[in-house]
Trainee: 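Quick one: the structure is below, questions incoming.
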Amino acid sequence: MVKKRWNELSERSRRLIVAATVGEVLLKAAALIDLKRRPAAEIRGSKRAWATTVALVNSLGAVPIAYFLFGRRKPASD
């Protein structure tokens with residue numbers, strides 16, 4: 001597979017890359033904000049481990065989505 005430079009990519013490819021990047025950044029930001037605001041009792045696992053994984057792993061959104069689906073517990077109802 002031949003590597004292409006940014007200028008050699010089609011306009012459509014460049015737009016898809018930019019859109020995917022923006023989506024990844026937004027998902028990561030939302031997950032990190034939620035982690036910061038949510039009490040540790042409502043998180044499955046370590047808050048530090050989730051935050052590190054969400055922030056450092058390039059996943060095309062899979063890690064932040066996994067956090068939202070599996071990493072949060074429902075708040076205890078009074």
Trainee: Going by salt bridge (charged side-chain N to carboxylate O under 4.0 Å, His left out), name the pairs with one or both residues in residues 56-71, residues two or more places apart or in two chains.
Mentor: none

Trainee: Any ring-ring contact (aromatic ring centres under 6.0 Å, His included) pairs touching residues 3-49, not counting sequence neighbours?
Mentor: none

Trainee: Can you confirm whether Ile17 is buried at CD1, in the sense that more than 12 heavy atoms of other residues, nucleotides or ligands lie under 6.0 Å from that atom?
Mentor: yes

Trainee: Under a single-linkage rule joining Ile, Leu, Val, Met, Phe, Trp and Tyr whose side-chain heavy atoms are separated by less than 4.5 Å, which residues share a cluster with Val57?
Mentor: Leu32, Leu35, Ile43, Trp50, Val54, Val63, Tyr67, Phe68

Trainee: Tell me, which pairs form a ring-ring contact (aromatic ring centres under 6.0 Å, His included) where one or both residues lie in residues 27-48, sequence neighbours left out?
Mentor: none

Trainee: Among all residues two or more places apart in sequence or in another chain, which pass the salt bridge (Lys or Arg N to Asp or Glu O under 4.0 Å) test with Arg38?
Mentor: Asp34, Glu42

Trainee: Which pairs pass salt bridge (charged side-chain N to carboxylate O under 4.0 Å, His left out) with one or both residues in residues 11-27, sequence neighbours excluded?
Mentor: Glu11-Arg14, Glu11-Arg15, Glu24-Lys28

Trainee: To which residues is Leu69 joined in a hydrophobic cluster, defined by side-chain heavy-atom contacts under 4.5 Å among Ile, Leu, Val, Met, Phe, Trp and Tyr, whether direct or through other members?
Mentor: Leu27, Ile65, Phe70

Trainee: Could you give all pairs that pass the ring-ring contact (aromatic ring centres under 6.0 Å, His included) test and reach residues 17-46, with sequence neighbours left out?
Mentor: none

Trainee: Quick one: do Val22 and Leu16 end up in the same hydrophobic cluster if we chain Ile, Leu, Val, Met, Phe, Trp and Tyr together by side-chain heavy atoms under 4.5 Å apart?
Mentor: no

Trainee: The criterion is side-chain contact (heavy atoms from CB on, under 4.5 Å); which residues satisfy it with Arg48, sequence neighbours excluded?
Mentor: Ser46, Thr52

Trainee: Tell me every residue that passes salt bridge (Lys or Arg N to Asp or Glu O under 4.0 Å) with Glu8, counting only those two or more places apart in sequence or in another chain.
Mentor: none

Trainee: Enumerate the residue pairs fulfilling ring-ring contact (aromatic ring centres under 6.0 Å, His included) with a member in residues 7-39, sequence neighbours excluded, ordered by first and then second residue.
Mentor: none

Trainee: With clusters built from Ile, Leu, Val, Met, Phe, Trp and Tyr whose side-chain heavy atoms come within less than 4.5 Å, directly or transitively, what are the remaining members of the cluster of Leu56, listed by chain and number?
Mentor: none

